[in-house]
Amino acid sequence: MSGTPTEGNRVEEFTAFRKRMNERILGEDNQVVRRFFALDTQTYRAGALDVKTKEMLGLVASMVLRCDDCISYHVAQCKEAGVNRDEFFEVFSVGLVVGGSIVIPHLRRAVDFLDSLETETPAEAEACADHPAA
C-alpha cells in the first residue's frame, strides 16, 4: 500500500457501502431479491463442506468471473474463516489457471485488498462478515 487516503480506508468504505446498499435493497418489497439474498446466505453455511472451503470456492469463482466486489467480499470472508496467506495464494493460483491471464488485474486487486485486511483492526474485519450476495 502506498498510503494514499483512499487505500487506507478501502476495507471500511467497501464494508460501509455493502451494508448501506444491502439494507436499501432489502428494504424494498421484492420477494425475488430477498429470496436470492437468503439463498446466498444459506449456500455459504457449513454443510458437507465447511465454511472455509465454501468461501475459497466463492473466491475462485469470483476471480474467474472477474467481479472485483465479489473478490473483495470473498477475500474478507476467507480471512475471517481462517485462510492463511499460503492458502490464499493457492486459491489465487487456481483462479488464475482456470480464468487465464485476464484474471491478473483482478489478482492484483485481490492481493491489495488482502494486504489492507491484514493491516486493519479486528473490528473493521468483522464488519465485512455478513452475506448476502457479494
Side-chain angles (χ1 to χ4, degrees):
M1 289 178 35
S2 66
T4 62
T6 56
E7 285 180 4
N9 297 324
R10 183 170 176 203
V11 173
E12 184 179 312
E13 290 170 6
F14 174 77
T15 303
F17 179 76
R18 267 190 85 253
K19 184 178 189 306
R20 180 171 52 86
M21 292 311 300
N22 283 351
E23 288 172 358
R24 167 74 178 87
I25 291 165
L26 291 171
E28 293 292 323
D29 186 22
N30 186 297
Q31 288 303 311
V32 174
V33 172
R34 288 180 184 171
R35 287 177 180 149
F36 186 86
F37 275 46
L39 177 63
D40 181 78
T41 299
Q42 292 172 11
T43 298
Y44 286 93
R45 289 187 180 146
L49 297 175
D50 62 13
V51 170
K52 182 177 174 179
T53 301
K54 287 182 174 187
E55 289 299 339
M56 289 188 293
L57 291 168
L59 179 53
V60 167
S62 297
M63 290 180 73
V64 172
L65 292 170
R66 302 184 310 271
C67 174
D68 284 330
D69 278 2
C70 302
I71 291 167
S72 294
Y73 178 77
H74 286 290
V75 165
Q77 292 301 102
C78 282
K79 183 84 173 136
E80 182 176 307
V83 175
N84 66 41
R85 198 154 184 97
D86 289 338
E87 291 170 324
F88 268 110
F89 274 85
E90 288 198 19
V91 171
F92 294 154
S93 296
V94 172
L96 184 58
V97 167
V98 173
S101 63
I102 198 165
V103 171
I104 291 172
H106 304 278
L107 172 61
R108 290 182 189 122
R109 288 187 286 275
V111 172
D112 182 60
F113 195 78
L114 176 60
D115 290 346
S116 296
L117 281 172
E118 290 178 342
T119 60
E120 72 179 1
T121 65
E124 290 171 328
E126 289 177 20
C128 274
D130 63 328
H131 268 276

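Atom set for the values below is all heavy atoms of this structure, side chains included, hydrogens, waters and symmetry mates excluded. Everything quoted here is computed from the prediction, not taken from an experiment.
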Give the table of side-chain donor-acceptor pairs shorter than 3.5 Å for residues 91-107, with sequence neighbours excluded, one pair per line with atom names and distance.
residue	atom	partner	partner atom	Å
S93	OG	F89	O	2.7
H106	ND1	D68	OD1	2.7
H106	ND1	R109	NH2	3.3

Sequence neighbours left out, cut at 3.5 Å: what donor-acceptor pairs do the side chains of residues 45-52 make with other protein atoms?
residue	atom	partner	partner atom	Å
D50	OD1	T53	N	2.8
D50	OD1	T53	OG1	2.6
K52	NZ	E87	OE1	3.1
K52	NZ	E87	OE2	3.0

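Heavy atoms only, all atoms of each residue included: L117 and A76 are closest at CD1-CA, 3.5 Å. Considering every non-hydrogen atom in both F113 and F14, the closest pair reads CZ-CD2, 4.0 Å. In terms of heavy atoms, K54 sits closest to T43 at NZ-O, 2.9 Å.
Atom CZ of residue R18 and atom CD of residue E23 lie 11.0 Å apart, to the nearest 0.5 angstrom. Distance check: E12 CD to S116 OG gives 12.0 Å after rounding to the nearest 0.5 Å.
L57 and L59 are assigned to two separate hydrophobic clusters, defined by single-linkage of ILVMFWY side chains at heavy-atom distances under 4.5 Å.
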Is there a side chain to side chain contact (heavy atoms under 4.5 Å, CB included) between N84 and E90 once you walk through the steps? CA-CA 10 Å; N84 66 41; E90 288 198 19; over 6 Å; no

Candidate pair E80 and E55, rule side chain to side chain contact (heavy atoms under 4.5 Å, CB included), full reasoning: CA-CA 10 Å; E80 182 176 307; E55 289 299 339; over 6 Å; no

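Under the 3.5 Å distance criterion, the side-chain polar atoms of R34 are matched with a main-chain donor or acceptor of E28.
Using cut-offs of 30° and 60° on the angle between ring planes, the pair Y44 and H74 is tilted.
Using a 4.5 Å heavy-atom threshold, the side chains of V32 and F36 count as separate.
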